[in-house]
Amino acid sequence: MNHLRTLLATTVAFTFVLGMTVALRPVELPPTANDRCNEAVLTTATGTVTSSSCDSELATRVSGSLDAAVRAVADVVDTGWVRRVDVVVPTSDEELVSLVGPAFADMAGIAIRDGSGQRVVINRVRAAALSDLELGVLLRHEITHVATRDLTSDSAPLWLVEGFADWVAFRGTGLSLRQAAPLLKTDVSALPVDFGGAGRDLAYQQAYSIMVYLESRLGERGVVDFYLRNAASSAVDTGAVDVAGWREFLRTSIG
């Protein structure tokens, strides 16, 4: 799980805030095919997985997890999203860059919106190393971004956007807060802001722990309502999260 946590922090950074547009992307290459591999599309009840025939093992794993991931997100985010997700597994680094841009090509997964609508793009190299549990967490995280995209401001605080996506993603895994967020410490004094610097890994785990703390006070429905109430704003009231209460929660939860 430490491996996944590193991937989530280093490869999911700016997943949502990016809000990919066609204008930000380089010229798109022919999708999911090359001289040796043909495009393959696997269809599930809740979406599709488009890949190359050379990546059939990973595509099969993703398609086998997709319906459960969509249902898990829909169980929590019960707003009017389509409850359907199209996943793309690019066959090459060039195709990956064409979809997400060069700055984000090292990500394990990213939810994009472009001329083809919303899709989840999976990095075949990064994702292939994940266990089934980790792959499910990654899919649920990205699908949460898809489900909440139209409800969330591009300038919403990252601790809210990424913390909520992680909270949905880790729900039902049976992992403790310490297992899911091994870098956490109890000496917090402010909401996390360093999502792009040296403290990025910790910031993501702190954001997740804020949602777990809010769940302990508000319940699951309360966390969803908290997100929906604040996500459309570029800033959240500084008093929305009791930092002292969060700190005490961490002390009792992780010691």
Side-chain angles (χ1 to χ4, degrees), residues 1-2 4-5 8-9 12-13 15-17 69 71-81 133 136-153 155-195 199-255:
M1 191 51 64
N2 285 358
L4 173 63
R5 263 303 174 187
L8 282 175
V12 182
T15 295
F16 188 88
V17 178
R71 286 194 300 268
V73 174
D75 284 346
V76 181
V77 185
D78 55 354
T79 56
W81 68 291
L133 172 63
V137 170
L138 178 65
L139 286 172
R140 290 190 295 274
H141 182 110
E142 299 305 333
I143 292 168
T144 300
H145 288 317
V146 171
T148 57
R149 183 66 185 88
D150 290 335
L151 305 170
T152 308
S153 168
S155 56
L158 274 176
W159 66 262
L160 177 65
V161 174
E162 296 300 341
F164 184 73
D166 259 5
W167 178 73
V168 176
F170 280 97
R171 176 177 174 266
T173 61
L175 296 173
S176 68
L177 180 58
R178 172 57 76 194
Q179 290 172 314
L183 296 181
L184 278 179
K185 298 180 180 179
T186 61
D187 57 344
V188 294
S189 58
L191 301 178
V193 294
D194 184 18
F195 287 86
R200 176 177 54 192
D201 292 24
L202 178 60
Y204 272 86
Q205 295 183 32
Q206 288 177 332
Y208 168 64
S209 74
I210 290 170
M211 298 300 147
V212 178
Y213 161 62
L214 290 175
E215 183 182 9
S216 74
R217 298 197 49 166
L218 306 175
E220 184 177 285
R221 183 68 237 178
V223 176
V224 177
D225 290 342
F226 179 91
Y227 183 84
L228 296 177
R229 187 166 61 249
N230 291 287
S233 303
S234 58
V236 178
D237 182 2
T238 55
V241 176
D242 178 4
V243 174
W246 172 38
R247 182 168 56 246
E248 182 59 29
F249 172 77
L250 291 178
R251 286 174 179 166
T252 59
S253 298
I254 65 173

From CA spacing to verdict: side chain to side chain contact (heavy atoms under 4.5 Å, CB included), Thr173, Val137
CA-CA 8 Å; Thr173 61; Val137 170; 4.1 Å; yes
Given the rule in the salt bridge (charged side-chain N to carboxylate O under 4.0 Å, His left out) test, do Asp225 and Arg221 qualify, once you have shown the distances and angles that lead to the verdict?
CA-CA 6 Å; Asp225 290 342; Arg221 183 68 237 178; 3.0 Å; yes
The test is side chain to side chain contact (heavy atoms under 4.5 Å, CB included); show your working for Met211 and Leu160 and say whether it passes.
CA-CA 8 Å; Met211 298 300 147; Leu160 177 65; 3.7 Å; yes
One pair to check against side chain to side chain contact (heavy atoms under 4.5 Å, CB included): Gln205 and Asp166. What are the steps and the verdict?
CA-CA 9 Å; Gln205 295 183 32; Asp166 259 5; over 6 Å; no
Could you walk me through whether Leu184 and Arg178 pass the side chain to side chain contact (heavy atoms under 4.5 Å, CB included) test, one step at a time?
CA-CA 7 Å; Leu184 278 179; Arg178 172 57 76 194; 4.1 Å; yes
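At a threshold of 4.5 Å between non-hydrogen side-chain atoms, the residues Leu250 and Leu177 count as touching. In this structure, the side chains of Leu191 and Ile210 come closer than 4.5 Å at one or more pairs of heavy atoms.
A ring-ring contact (aromatic ring centres under 6.0 Å, His included) with Tyr208 is found for one member of Trp246, Phe170, Trp159, Trp167 and no other, namely Phe170. Of the residues listed (Thr148, Leu151, Leu214, Val168), the one engaging Tyr227 in a side chain to side chain contact (heavy atoms under 4.5 Å, CB included) is Thr148, and it is the only one.
Counted by atom type alone, Ser209 and Gln206 present zero donor-acceptor pairs between their side chains at under 3.5 Å.
For the pair Glu220 and Glu215, the tightest heavy-atom approach, listed with the atom from each and the gap, is N-CG, 4.0 Å. When all heavy atoms are compared, the tightest approach of Ala156 to Ala231 is CB-O, 3.5 Å. Summarising the geometry of Val223 relative to Leu218, their closest heavy-atom pair is N-CB, 4.3 Å, with the distance given to 0.1 Å. Ala72 and Arg171 make their closest contact through O-NH1, 3.8 Å (heavy atoms, listed as atom of the first residue, atom of the second, distance). Looking at every heavy atom in both residues, Ala147 comes nearest to Thr79 through O-OG1, 4.1 Å. For the pair Ala235 and Pro157, the tightest heavy-atom approach, listed with the atom from each and the gap, is CA-CG, 4.3 Å.
Listed by chain and number, the residues in a ring-ring contact (aromatic ring centres under 6.0 Å, His included) with Phe249 are Tyr213 (sequence neighbours excluded).
Lys185 NZ to Ile254 CD1: the interatomic distance, rounded to the nearest 0.5 Å, is 10.0 Å. Within the model, atoms CG of Leu175 and CG of Leu133 stand 5.5 Å from one another, a figure rounded to the nearest 0.5 Å. If you take CZ on Phe164 and CG on Asn230, they are separated by 11.5 Å, rounding to the nearest 0.5 Å.
When atom types are taken as modelled, the side chain of Arg140 and the backbone of Ala69 share no donor-acceptor pair closer than 3.5 angstrom. Remark: the backbone N or O of Gly245 is not paired with any side-chain donor or acceptor of Glu248 at under 3.5 angstrom. For the pair Ser233 (side chain) and Val236 (backbone), a donor-acceptor distance under 3.5 Å is absent.
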